[in-house]
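Positions are given from 1 along the sequence. Everything numeric here is computed off the predicted structure, so don't read it as measured data.
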Amino acid sequence: MKDSEIKKEQNLLESFAETFQQFTGSLTGKNLEEKLIEYSEVYGEILLNLYNQTEEIKKENRFLKKRISELENQIQEWKSNVSKEKINQKTKRLLIIITFTNIVLLLINLTIQLWKL
């Protein structure tokens with residue numbers, strides 16, 4: 001026999017063996033079992049990936065909530081400071097008015113004292 005004929009026969013036998021193995025696998029449920037294992041592994045990887053992504057989103061969400069709370073506190077502090085500054089400005093205006101009024105009253109009093117002389 002020639003090498004090419006031997007090669008053809010080997011290929012034919014290998015093909016037959018593979019077909020026979022598939023046939024017996026389908027009869028015994030072996031192929032189904034292998035597919036189930038393969039799909040289980042794939043879905044397991046998908047679920048693990050989804051879980052990891054969910055955990056990352058939860059961490060980011062917690063960080064953002066904390067940051068929002070910090071910014072809200074800072075805004076409240078700024079509002080308080082602005083209110084205090086407004087009160088301080090009003091107080092300064094009142095002090096200026098009172099001081100000016102005292103000066104005017106002093107001048108009036110001095111004028112009255114001068115007229116008495």
Enumerate, atom names and distances included, each donor-acceptor pair closer than 3.5 Å involving a side-chain atom of residues 100-107, sequence neighbours excluded.
residue	atom	partner	partner atom	Å
Thr101	OG1	Ile97	O	2.7
Asn102	ND2	Ile98	O	3.4

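- Evaluation of the salt bridge (charged side-chain N to carboxylate O under 4.0 Å, His left out) test over residues 87-114, restricted to residues two or more places apart or in two chains, returns none.
- The other residues sharing a hydrophobic cluster with Phe63 are Leu64, where clustering joins ILVMFWY side chains under 4.5 Å apart.
- When the side-chain hydrogen bond (donor to acceptor under 3.5 Å, both in side chains) test is applied to Arg67, the partners found at least two apart in sequence or on another chain are Glu70.
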Which atom pairs, donor and acceptor, lie under 3.5 Å between side-chain atoms of residues 47-56 and protein residues at least two apart or in another chain?
residue	atom	partner	partner atom	Å
Asn52	ND2	Leu48	O	3.4
Thr54	OG1	Leu50	O	2.8

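- In this view, Gln74 and Leu71, Trp78 satisfy the side chain to side chain contact (heavy atoms under 4.5 Å, CB included) rule, not counting sequence neighbours.
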